[in-house]
Amino acid sequence: MTQDQVSGTSAAGTDRRSVFGRVWPAALGVLVAAATAFGLADARDVAPVLAASGFVYLAAAALGRPAAAWPAFGVTFVLIGVAKVTDLDPTPWMIGLAVVLAVVGLAAGRGRPAWSLPLQAAAMLVLGAAALAAVRLGPTAGGLVVAVGLLGHAAWDVYHHRTGRVVARSLAEFCGVLDVILAVALAVLVLAA
């Protein structure tokens, strides 16, 4: 075995492990988006993802740890998964958990800087309200609300990825890819109907 094989480098000097390290967030975003959109008949069914996108940012801001966004994503993933096999509506649960986290964050003195917990709480309020409203609208209007909300959140992801604020960059990248792909899929679904 050559030294290059031991270190994971090719003769060209590229580190194969770093390639995976660079693409896994986007690849995971594509995978989750594809799984979410597969067999989708009503774009409003994706409304909880809109609430989840705000929840993960709020959780990281409230806890003061960018990496906390990943476990928060895990919570939303479980809630949305449980909803697929039960009558549970995950959006109110995410909103309730967000309120608890916001109170915890404020109690821990995380009310500053303004771009952290206060801004993330405002975003959660908007995204949660949009998710709740979307399911009460008709299929076309509700689906478009979710699609536009996801596109707006994708811009939020790009900003946070560039600044390195609030969430881990890997989460911002994953979420941005997920949001754009889902938004396009929902728009196609709604407009083709």
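Computation of the quantities below employed the complete heavy-atom set of this structure, encompassing side-chain atoms and omitting hydrogens, waters and symmetry-equivalent molecules.
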Step by step, would you call W156 with L119 a side chain to side chain contact (heavy atoms under 4.5 Å, CB included)? CA-CA 11 Å; W156 192 260; L119 185 59; 3.5 Å; yes
Could you go step by step and tell me if W115 and V166 meet the side chain to side chain contact (heavy atoms under 4.5 Å, CB included) rule? CA-CA 8 Å; W115 50 260; V166 183; 3.8 Å; yes
Out of curiosity, does [Y] fall in the hydrophobic cluster containing [X] (side-chain heavy atoms, cut-off under 4.5 Å, transitive links)?
X	Y	value
L191	V145	no
L106	F55	yes
L151	L178	no
L189	V32	yes
V46	L88	yes

First locate atom [atom1] of [X], then atom [atom2] of [Y], and finally report the distance between them rounded to the nearest 0.5 Å.
X	Y	atom1	atom2	result
R110	Q120	CZ	CD	14.0 Å
D89	L132	CG	CG	7.0 Å
S53	D157	OG	CG	7.5 Å
L186	L40	CG	CG	6.5 Å
Y57	L117	OH	CG	15.0 Å
T36	F77	OG1	CZ	7.5 Å

Evaluate H161 against V167 for side chain to side chain contact (heavy atoms under 4.5 Å, CB included), listing each step before the verdict. CA-CA 8 Å; H161 185 272; V167 298; over 6 Å; no
[X] versus [Y], closest heavy-atom pair with distance:
X	Y	result
P118	G111	CG-O, 3.1 Å
E173	R22	OE2-O, 3.8 Å
L150	A183	CB-CB, 4.0 Å
A131	L50	N-CD2, 4.0 Å
C175	H153	SG-CE1, 3.6 Å
G29	V177	C-CG1, 3.9 Å

Would you sort out whether V135 and T91 count as a side chain to side chain contact (heavy atoms under 4.5 Å, CB included), showing the intermediate values? CA-CA 10 Å; V135 296; T91 301; over 6 Å; no
Any donor-acceptor N or O pair under 3.5 Å, side chains W70, S170: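 Indeed, the side chains of W70 and S170 share at least one donor-acceptor pair under 3.5 Å.
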Quick one about R112 and S116 (side-chain donor to acceptor, distance below 3.5 Å, no hydrogens or angles considered), yes or no?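 S116 vs R112: no donor-acceptor pair found between side chains.
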Matching residue for P90 among V78, L79, T76 - test: side-chain contact (heavy atoms from CB on, under 4.5 Å):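 Only one option passes, and that is L79.
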Using a 3.5 Å distance criterion without hydrogens, assess whether the side chain of R165 forms a donor-acceptor pair with backbone atoms of H160.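 Answer holds: no.
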